[in-house]
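Single-structure report; data block below.
Everything numeric in this text was worked out from a predicted model, so none of it was measured. Counting convention: from 1, in listed order, for ligands and their atoms alike.
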Amino acid sequence: MYVQAKDTRMTRSLVLAAAQLGPIQKAEGRDVAVGRMIRLLEKAHQRGAQVVVFPELALTTFFPRWYEEDLANADHWYEAALPSNETAPLFEAARKYGIAFHLGYAEKTPEGRRFNTAVFVLPSGEIVLKYRKVHLPGHKEFDPIRHVQHLEKRYFEPGDLGFPVIRAPVAGQPVNLGMMICNDRRWPEAWRVMGLQQVELVMLGYNTPSLNMENRGFEAPHLRVFHSHLSIQSGCYQNSCFAIATAKAGTEDGHELFGHSIIVNPQGEIMAQATSWDDELIVAEADLGKCELGRKTIFDFARHRRPEHYGRIADQVGSVPPAEWKGGA
Ligand code: CDT
């Protein structure tokens, strides 16, 4: 008879929350978004959450759907500093409730560089980790074939910080923290770079339309959520980590974003899922010790990885046609 080894690890419990936001209309100011986020933090406090993740570009509408000829006219979408007068109340609420949070926003640096950025902030207000989105989907110029523009390549530079993982104290215990933003979740390379740094918790926000707006071929609408969840669940499983994946949801400026925020464990299972397309908090208790099983067995990288065969992943960008078979093996 097969007897499973007893689990003798100490529990390292952390209460995780995804604070999904419903739509933020173009005409709405940051005060509206920040007010809603503070209400979600209040709920998170009531439900015992210790980490809260807000979506990508959480302070405004998903503005890359709007074409602007002159980037200087788009400055009002960006944050020049965090906290600012408008975002300070969010930082104050996090301090009041003792909650660490992840916030996605458009960053304009003092040198005038523009990034799609996220920060992880302790209740004290200290920013312990900053991430700038590496995989920017969409296009740079107005694309007449598209139903809706997706101008991230116009509004942002690719992130220049890589995929850093940092061990930092959260709710009194050290946690290996990493971040990615929206489209990054579809790239296994992003997950693996963090897996190689023993990430335990990946935090990510997203804005994903319910329909493929590229108009270059049919994609069944029901597959949109499936692909998102598939990417996150496999990223967690293959890298033995938890993820909090938080959406902006609902009809924003006439265009639908699909929501379906989730919290996932290292087995790739969904522990909690949003069911509305509005502001909604989902919560799950994570035992961070559960990251160890995968790391010590099937995904023990030191024992099983074969990087000598992975050269193309780092050296090559586009795919190339395979060699032609000429007979034989
Ligand atoms: N925000 C973001 O990255 N959204 C993309 C939509 C892809 S369509 C250009 C995503 O991968 O979900």
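- With 3.5 Å as the limit, one finds a donor-acceptor pair spanning the side chains of Ser276 and Glu280.
- Residues lining ligand 1 at a heavy-atom distance below 4.0 Å are given as Glu56, Phe62, Lys133, Pro137, His150, Glu152, Cys182, Asn183, Arg185, Arg186, Asn207, Thr208, ordered by chain and residue number.
- The closest side-chain heavy-atom distance from Gln149 to Phe142 is below 4.5 Å.
- Remark: Asn85 CG is loosely packed, at most 12 non-hydrogen atoms of other residues, nucleotides or ligands lying under 6.0 Å away.
- For Glu86 and Ser84, the side-chain atoms include no donor-acceptor pair closer than 3.5 Å.
- Listed by chain and number, the residues in a ring-ring contact (aromatic ring centres under 6.0 Å, His included) with His255 amount to none (sequence neighbours excluded).
- If you check the side chains of Asp253 and Trp66, you find a donor sitting under 3.5 Å from an acceptor.
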